[in-house]
Structures are given as structure tokens and as C-alpha cells.
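Everything on this sheet refers to the single structure shown next.
Each chain gets a letter, A, B and so on, in the order the sequences are listed, and its residues count up from 1. Everything quoted here is computed from the prediction, not taken from an experiment.
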There are 2 protein chains.
Amino acid sequence: MEFNETKNIFLQIRDWVADQILQGEIVAGEKIPSVRELAVDMEVNRNTVMRSYSLMEEEGIIENKRGIGFFVVADAKRNLLKMQKQIFLQDELPSILHQIEVLKLNSEDLQILIQTIQSNDHAN
Amino acid sequence: MEFNETKNIFLQIRDWVADQILQGEIVAGEKIPSVRELAVDMEVNRNTVMRSYSLMEEEGIIENKRGIGFFVVADAKRNLLKMQKQIFLQDELPSILHQIEVLKLNSEDLQILIQTIQSNDHAN
DNA sequence: TATACTGTCATAGTGTATTATGACACTAAT
DNA sequence: ATTAGTGTCATAATACACTATGACAGTATA
């Protein structure tokens with residue numbers, strides 16, 4: 001996997017798994033890749049994946065079954081949506097707004113952004 | 001100063017100075033705070049500020065006068081605008097779009113964002 | 001029972017951001 | 001000439017993310 005240099009790897013792995021859940025590619029109750037398997041896939045150390053999974057376990061989106069592996073919690077998707085939404089609106093959005101103001105980005109520059117938002121208006 | 005835990009301090013200091021220039025609070029030709037002074041102000045080590053300034057010197061937005069200090073380059077603002085715009089549109093926007101899609105954020109959730117963009121349409 | 005999976009823990013090593021200090025050369029002002 | 005302010009370089013220490021391995025207990029399956 002291609003990792004961003006500015007963000008910790010174990011956080012990016014968490015984000016990747018969270019994305020899989022939000023996009024419905026991993027369903028509630030389903031088993032996620034084993035620590036060792038994902039480590040090989042992502043060319044990363046076991047301990048790093050372990051750290052991501054431990055974090056997600058604390059967040060209550062996956063749970064462990066001894067000797068078997070990690071599984072997606074029942075309402076993981078709903079909880080994730082709520083968590084991520086709040087993080088985005090409270091922590092990330094202010095910085096985005098600030099940049100748009102300072103760089104004087106207009107509707108033309110951000111055409112795609114506006115389109116993306118509007119396409120969510122008509123999607124239930 | 002309050003630093004974000006997820007981003008390197010020397011990069012946040014660079015961003016802060018760049019912001020001052022973009023907002024016109026530091027003008028071309030003007031002297032910026034000395035390495036030692038800013039270090040005390042921000043409660044950070046000299047070397048960390050030095051690293052930020054070295055980076056900005058490489059980026060061509062400030063220049064050094066021996067024994068005196070660092071000064072804002074003539075067309076620093078124009079260059080910064082171009083640089084930051086490109087970074088935002090190419091590196092940050094894709095991730096923002098992805099989150100909006102996954103979290104299904106609509107015009108209501110992002111009301112402030114749309115207003116901010118539109119207020120830039122009428123500003124020359 | 002043996003084998004091959006699971007997660008987990010412990011230990012050690014590497015790289016890098018940050019801090020803490022000291023020393024030096026250059027410039028401006030008294 | 002002295003003093004105080006600039007940047008700059010070198011060194012050492014700390015903290016932490018990541019890697020590399022080995023070992024162990026629980027589980028499933030042949």
C-alpha cells in the first residue's frame with residue numbers, strides 16, 4: 001500500500017479498514033484480515049497492524065475472538081459514520097474553510113467539490 | 001502556540017508564517033521574527049524554528065541577510081498563492097472529496113463551506 | 001494428536017523529530 | 001572597542017514510530 005508520509009502508518013491502516021466498513025465492502029459480523037496477513041499485504045510489520053487493530057477495538061468497531069481473529073462489530077457502520085462525521089465537521093472543516101478563504105478559492109476552482117456535495121443531496 | 005499532534009511542528013510553524021504573508025500581515029521586504037525570538041514566543045527550540053526558516057528559504061519565500069535576519073522575498077505572496085493552491089487542489093482536495101462521499105455529507109451539513117466558497121466568487 | 005492458523009507479549013534495533021546547550025562569525029549601535 | 005542582536009553549526013539526550021524476531025496460548029481441522 002502507498003502510505004502518506006505526513007500521517008502515522010497505524011492510523012492510515014485504521015482509516016483504510018474503516019473505509020472498507022463504511023463502503024460496505026466488509027459487513028458487520030464479518031472477519032477482517034488477520035494481523036499477519038494484512039501486515040504482509042501492506043508490507044508492514046505485524047506490530048504496526050496490531051496497533052491499528054487495538055485502536056479499532058478501543059473504538060468499538062471490531063472485536064476479537066480468541067484464536068480466531070477480529071470481527072466487525074454489529075453496529076460498526078453506524079458508529080463509524082457518527083464518529084467520522086463529527087471529526088470531519090469539528091476538526092477538519094475549520095482548517096479547510098481557512099485555506100479556502102486565504103487562497104481565495106471560488107466556485108470555479110472548487111467545481112468538483114460542489115458537484116460532489118450536491119450529488120449527496122439527492123441520494124437517500 | 002497550540003500545535004496539532006498529527007503534523008510536525010516545524011511544518012506548522014512554516015504554515016503559520018506562510019499564512020501571515022498570505023493574509024498580508026507580513027509584507028514583502030519586511031523582516032520576520034528572529035529565530036530565537038519566535039522560538040521563545042512559540043515555546044519551541046531554536047533548532048525547530050531554524051528548520052522551518054531553512055525550508056522557507058529553499059521554497060524561495062524568505063531570504064537571509066547575514067547578521068540581521070530573515071526577510072520576505074519580493075513576490076513571496078504570489079509564489080505562495082500558486083504553491084499552496086496547487087497543493088490544496090492536487091493533494092488535499094481528493095481526500096476531502098472521498099470523505100464527503102463516504103460520509104454522505106450534503107449541502108445542509110456543509111452549509112458553511114458552500115457559503116465560504118460563494119463569498120469568494122464576488123470578491124476580486 | 002499433530003499441524004497450521006489465530007492474537008499477544010517481550011525484547012532489541014533503527015530512524016527521526018524535538019529539545020538542550022555551547023560556540024562562532026557577522027552586523028548594528030553605543 | 002564593547003555590547004547585543006542576528007544566523008549557523010556541532011553535540012548529546014529524549015521520545016516515539018516502525019521494524020525484526022522469538023516465544024507462547026488458544027482454536028480449528030485433518
Side-chain angles (χ1 to χ4, degrees), chain A residues 1-18 20-21 26-74 76, chain B residues 1-18 20-21 26-74 76:
Chain A
M1 184 175 172
E2 330 134 358
F3 291 108
N4 188 335
E5 295 172 8
T6 64
K7 196 170 186 179
N8 291 342
I9 293 179
F10 79 95
L11 290 176
Q12 295 185 55
I13 294 176
R14 190 219 83 115
D15 288 347
W16 181 83
V17 177
Q20 299 288 305
I21 296 174
I26 309 181
V27 193
E30 194 174 340
K31 180 177 177 297
I32 66 177
S34 78
V35 172
R36 285 178 168 84
E37 187 187 352
L38 192 57
V40 173
D41 271 14
M42 296 199 160
E43 294 174 325
V44 152
N45 191 275
R46 298 192 309 233
N47 301 329
T48 305
V49 176
M50 188 60 204
R51 192 169 176 189
S52 307
Y53 282 13
S54 295
L55 172 59
M56 288 188 280
E57 197 175 21
E58 284 178 14
E59 292 177 323
I61 62 182
I62 61 175
E63 63 186 353
N64 176 253
K65 294 184 184 174
R66 291 198 294 176
I68 307 181
F70 282 99
F71 296 76
V72 177
V73 154
Chain B
M1 182 176 174
E2 330 136 356
F3 292 109
N4 187 335
E5 295 172 6
T6 65
K7 197 171 185 179
N8 290 343
I9 292 179
F10 78 95
L11 290 177
Q12 295 185 55
I13 294 176
R14 190 220 84 115
D15 289 346
W16 181 83
V17 177
Q20 299 289 304
I21 297 175
I26 309 180
V27 193
E30 193 175 340
K31 181 177 176 298
I32 65 176
S34 78
V35 172
R36 285 177 168 84
E37 187 187 351
L38 192 57
V40 173
D41 272 14
M42 296 199 160
E43 295 174 323
V44 151
N45 191 273
R46 299 191 309 232
N47 302 329
T48 305
V49 176
M50 188 61 203
R51 191 167 177 190
S52 307
Y53 282 13
S54 295
L55 172 59
M56 288 188 278
E57 198 175 22
E58 284 177 14
E59 292 177 323
I61 62 182
I62 63 176
E63 64 186 353
N64 176 252
K65 293 182 185 175
R66 289 199 295 175
I68 307 181
F70 283 99
F71 296 77
V72 177
V73 154

Exercise: identify the closest heavy-atom pair between A/Met42 and A/Phe3: O-CE1, 3.9 Å
Which protein N or O atoms sit under 3.5 Å from an N or O of nucleotides 14-17 of chain C?
residue : atom : partner : partner atom : Å
C/dA17  : OP1  : B/Arg51 : NH2          : 3.4
C/dA17  : OP2  : B/Arg51 : NH1          : 3.0
C/dA17  : OP2  : B/Arg51 : NH2          : 3.2
C/dA17  : O5'  : B/Arg51 : NH1          : 3.3

Inter- and intrachain pairs under salt bridge (Lys or Arg N to Asp or Glu O under 4.0 Å), touching residues 28-43 of chain A, at least two apart: none
Paired and unpaired positions of DNA chain C as dot-bracket, Watson-Crick or G-U wobble under 3.5 Å, | denoting a partner strand: ||||||||||||||||||||||||||||||
Rounded distance (Å) that lies between atom P of D/dT11 and atom CG of B/Asn45: 17 Å
All side chain to side chain donor-acceptor pair (under 3.5 Å) counterparts of A/Asp15, not counting sequence neighbours: A/Lys7
Nearest-angstrom distance from the residue atom CD of A/Glu58 to C1' of C/dG7: 16 Å
For the student: nearest non-hydrogen atoms of B/Ala28 and B/Ala74, plus distance: CB-O, 3.2 Å
Gap between atoms NZ and P, on B/Lys7 and D/dA17 respectively (whole Å): 19 Å
By side chain to side chain donor-acceptor pair (under 3.5 Å) - contacts of B/Asn45 (at least two apart): B/Asn47
For atom CZ of B/Phe71 and atom P of C/dT27, their distance in whole Å: 13 Å
Contact list for residues 61-73 of chain B, test salt bridge (Lys or Arg N to Asp or Glu O under 4.0 Å), sequence neighbours left out: none
Distance, nearest 0.5 Å, that separates CZ of B/Phe70 from CG of B/Asn64: 4.5 Å
Taking N or O atoms only and anything under 3.5 Å, show me the protein contacts with nucleotides 6-9 of chain D, one pair per line.
residue : atom : partner : partner atom : Å
D/dT6   : OP1  : B/Ser34 : OG           : 3.2
D/dG7   : OP1  : B/Val35 : N            : 3.1
D/dG7   : OP2  : B/Val35 : N            : 3.1
D/dG7   : N7   : B/Arg36 : NH1          : 2.8
D/dG7   : O6   : B/Arg36 : NH2          : 3.1

By side chain to side chain donor-acceptor pair (under 3.5 Å) - contacts of B/Asn4 (at least two apart): B/Thr6
Distance, nearest 0.5 Å, that separates CZ of B/Arg46 from CG of B/Leu38: 14.0 Å
Whole-Å distance separating the CG atom of B/Leu11 from the C1' atom of C/dT18: 13 Å
Value in whole Å for how far the P atom of C/dT18 lies from CG of B/Leu38: 14 Å
Only pairs under 3.5 Å count here: list side-chain donor-acceptor contacts from residues 48-62 of chain B, not counting sequence neighbours, and write none if there are none.
residue : atom : partner : partner atom : Å
B/Ser52 : OG   : B/Phe10 : O            : 2.8
B/Ser52 : OG   : B/Thr48 : O            : 3.2
B/Tyr53 : OH   : B/Pro33 : O            : 2.8
B/Ser54 : OG   : B/Met50 : O            : 3.0
B/Glu59 : OE1  : B/Arg14 : NH1          : 2.7
B/Glu59 : OE2  : B/Arg14 : NH1          : 2.9

